[in-house]
Structures are given as C-alpha cells and as structure tokens.
Protein chains: 2
Amino acid sequence: MAEEGKIRREAATAAPGALGYRPLYRQAKEILLKRLAEGVWQPGQALPSEPELASDLGVSPGTVRKALDEMTAENLLVRRQGRGTFVARHDEARILFQFFKLVSDAGERRFPESRLLRLEAAKADAAAAGRLRIPQGAPVAAIERVRLLEDCPRVHEWIVVPGSLFPGLASRADLPNNLYELYASAYGVTIARATERLKAVAAGPRQAELLETERGHPLLAIDRLAFAVDGTPAEWRLSLCRTDAFHYASELR
Amino acid sequence: MAEEGKIRREAATAAPGALGYRPLYRQAKEILLKRLAEGVWQPGQALPSEPELASDLGVSPGTVRKALDEMTAENLLVRRQGRGTFVARHDEARILFQFFKLVSDAGERRFPESRLLRLEAAKADAAAAGRLRIPQGAPVAAIERVRLLEDCPRVHEWIVVPGSLFPGLASRADLPNNLYELYASAYGVTIARATERLKAVAAGPRQAELLETERGHPLLAIDRLAFAVDGTPAEWRLSLCRTDAFHYASELR
DNA sequence: TAGTGGTCTAGACCACCAT
DNA sequence: TGGTGGTCTAGACCACTAG
C-alpha cells in the first residue's frame, strides 16, 4: 500500500507553482472519501471525533474540520452538535431533499410509491453502455416501474445498473421502494450525486396506458445519471412524468 | 440608526439556549449583505481587504473570512487570490453558470440572443401579484420576447417586474439581451438567487407560430421567480422552450 | 459532568498578482 | 517587492447531548 496512514506533506517540499500541489485538507478529505467508499464506516455510523481523526491523519484539528465541512456540504456526512459526525444515510428525507425534485403544485413533497413492472438481467445496449461507461454487452440489471404520486400513476421509469456493481440484483425476490438505500446496505455502493437532463416529450402508447392519459400528452422526461462516492457511474434512470398537478422544483443559487 | 457600525456581541450576554442568538460571523455577513443591497460597493468593485473589514467590524479576520466564504459560495462575491475580493457581476459567464440551464444536447452552453416582441407598462394581474408579492393592480413592466438558441427561435418568454423597483423600465428605448446586468447597473437591484418550477406543456397557437412548430408540440415550461440580495421578489419569468435538440441541465449534489 | 461539534481568536507561512 | 487571499496551526470558550 502506498499512502494509507498519515499524510505526507507536499506543500513545503514542492517547488512554488508546482503542478499537483494540493492543500492538506484536500488530502485529508481524499483519505476520508476513500474510507467512505471502502465502507470503513457504514451509513448511520459515527466517525471518530475530530481530535482523533486529526492525530490519526497527522494534521491539526482545524484542517480535519475543513475536510469534514466540505463533505457535510456535499451531503455525505451529517453533523449533530454534541453527538458527533455521522455517515449520511439514504433515508427518505435525504432522497426527498437531494434527489427527488417532483413537488405537488400545492408545495407538498412526498416520497412516491412504486409498482414494479419488470426486473431482469440483460446486456447493456449502446445507450446504456455509453451513459454508464461500461462496454456494450456488459451485464446489467434492468428495472421498469410505475411510480405513484398521491395514489395516482404519474411516472414511468426505467433503471439500468451495472451488473458488476450489483451482482444478483436482477434475481432478487423483492425490490424496495427506496433503491439508493438498498444500493448502500446490500452492495456497499453509496450514491453521492447525480446529473439530470430534462426535456419535454410526447407520451407514447405505453405511457398513455400506464399513466392513464392519451397519446401525445406532454411529459417531462428526466434522464438521470447517478454517481457513487468514488465517481463511478452507478445508475442510469429515465423517468417520464405527468406534470399536470406536479412540477420539478429547481433552486438556482 | 440602530446597529450600523461595529457588531454588538450577543453571545456572552445571551442566556444559554436563548432565542435569537446568532454567531458573530452571521452578524458580520448580515452587515455586509446590507451594504451590498445598498450599493455601497458596486458590482465589479473590490471590497476592502480582510484585515480592514475585520477591524472595521470589530471582529477577528477569521470571522470576517467565514462570512466572506459563505457569500462567495452564494455567488455574491468572487475571490481572486493575490488581488482581492470583488462584488460578483452579472456577466454572461455568471448567468450561464448560475441561471441559464438550457444546454445543447452536444453539451454546449451559449448565451441566447433575444428578439423583443413587446415592452409595456401594465398592472399586476392576480398571478403576477401573487408571485411577486405585490398588490393586485400595482404597476409593473411586462416584457415578451423570443430567444434564439443557435440562431433558431426556441424559447417564448414573458417577464414581469415590479414598477416600484424598476421605474421607467417600460419606456426604455432599448432593452439589452442581459437583463440582470441592466437591473444591477441601471436600478441597483442585484439578483441573488431564483427558484424554478418546471412542467411539460403543449404548444398553443402562439408558440407554434413563434417557435416554428405545430400546436400540441411538447414544450418545457420554466416558471422562474428571481430574488434580490435582500430577498425581495424582483422578477417573474415564464419561459416556454422547445427541447428537441436542447435540455435543461440540473445538478443534484 | 464529560464529551462532542460550533465559534472565535491570533498568528505564521505560502501562493499569487501587480508593479 | 508589497499586498492580497489561501492554508495551517493551536488553543480558548460556548452550545448541545447523553448518562
């Protein structure tokens, strides 16, 4: 193993303006991220205290704090004053806050129910392979489901995940509503962030049937690519949504 | 005037758990925000150095730094190492980064051209009054325009702003493409953040004509409410977009 | 009461920029 | 060369939680 323990200071030795210089707190963060990706600390568990981490990594508490601050801002950690710093869990509250942007026009956010239509092992087609950055034909698990908002079918959803990250997922007997929680607890894959591309499209015959509307009805298409803590693309998801009484909420800061 | 100069420490005197306790750095930030809203420092100008601000506010440099850090994270300030801290300008780069989320499917971000259709003084209808939190019938300026992406008409846009914030805007001879820059330079109103609600809708006859498509074509409706530095709703904007070769990019972090 | 994170301070040194 | 922001350290004290 190369750099597993304490941080080797690069600052003092590197030439001024040298490439590859990184602040200590980023090096500290990198080590913590690595441990997070390796599952050294499980979701919901407390990390060691700040002074402990500091002496462990060989830096001052203030430096560790800055690393933890960034990871907290990225929703990877949760700090609770007087209790400790915890690995963020993919509970419904977090998913509603970070990933699920559909809100009723009245302003209510609720976690959607799911009705599973299909779950099978397959091979990545060109589109999925390109998005997930895996070879075409590589094994994947494919999920098709309808999601209910306030008891009405409003979202038709396809999900493709790499078989290498989620072995056996396609043959599970049951699939929970909250997939990100499953990814983390059963496969050790923590979704850290995602990018979404939105378009307006017309409903095809399948959406018309499943979402109880007519062909050509305008739907919001959400094409999401979700990334694990280490940056690996871990899930591709395409959601077609009726937005008659709901909208996608976006904050521009 | 109550608290204009130095910060009155609340921490030591307030009872433990007392309501209304705020950290020093937030009080410092509040004062800086107020000065920003009052136009004490103009967009593009440099703020005083950190030690200067610290002695000015009567706190330590580290405390000022934390306030500046937050304001930088909110895109209100820009720090340039070795040069100083500057008030963020609404140049095209910032708007593309912070507010304009339409991207070509190839991944290119470009600032859209505008073709003005209408500019007039009007009275706020119920919808505009509700969104802008002004009385119904209050004077507003209304703008209607078409925006071009890669030389093709792709967005049909209505904009309503309160007449009280932008006196005389409706009778301007010319209207620049970049409105936020105009708001800041001509009226001292800096847009700090916005919320958007997205829906898929069908094109009406007017959109069909303006956007060179047929009625019923699916369009992405973006309903944006933009807020000034002090939190006042300053602009309501409804954009209907063809997303055939473009998409709305959203980052979930 | 002990332990945690949160705030605040003070100062040293580094990296970057303008001159 | 001088001034700026960026990083790093060390320590004091406050606020919150648990036992």
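Per chain, numbering begins at 1; letters A, B, ... match sequence-line order.
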Distance in angstrom units between [X] [atom1] and [N] [atom2], rounded:
X       : N      : atom1 : atom2 : value
A/Leu24 : C/dA12 : CG    : C1'   : 14 Å
A/Asp69 : C/dT4  : CG    : C1'   : 15 Å
A/Arg22 : C/dA15 : CZ    : P     : 15 Å
B/Leu68 : C/dC8  : CG    : C1'   : 15 Å
A/Leu57 : D/dC8  : CG    : C1'   : 14 Å
B/Glu52 : D/dG2  : CD    : P     : 18 Å
B/Leu47 : D/dG5  : CG    : P     : 9 Å
A/Arg83 : C/dG6  : CZ    : C1'   : 16 Å

Considering just the side-chain nitrogens and oxygens of [X], establish if one lies under 4.0 Å of OP1 or OP2 belonging to [N].
X       : N      : answer
A/Ser60 : D/dA10 : no
B/Thr63 : C/dT9  : yes
A/Arg80 : C/dT4  : no
B/Arg65 : D/dG5  : no
B/Lys66 : C/dT7  : yes

Short side-chain to backbone donor-acceptor contact, A/Gln98 and A/Ala192, under 3.5 Å: yes
Given DNA chain D, 5'-ward residue of the pair A/Gln81 and A/Val64, judged by closest heavy atom: A/Val64
Comparing B/Gly82 and A/Arg26 on DNA chain D - which has the more 5′ nearest nucleotide: B/Gly82
Minimum-distance nucleotide to B/Pro23 side chain [options: C/dT7, C/dT4, D/dT4]: C/dT7
Side chain of B/Tyr25 - closest among C/dT4, C/dG5, C/dT7: C/dT7
Parallel, tilted or perpendicular: ring planes of B/Phe166 versus B/Tyr183, cut at 30 and 60 degrees: tilted
Between A/Asn178 and A/His90: side-chain donor-acceptor atoms closer than 3.5 Å: no
Donor + acceptor pair across side chains of B/Tyr248, A/Ser250 (<3.5 Å): yes
Salt bridge A/Arg237-A/Glu157, side-chain N to carboxylate O under 4.0 Å: yes
Nucleotide forming a Watson-Crick or wobble pair with D/dA18, both distances under 3.5 Å: C/dT1
Touch class at under 4.0 angstrom, heavy-atom based, for B/Glu50 against every strand present: sugar-phosphate
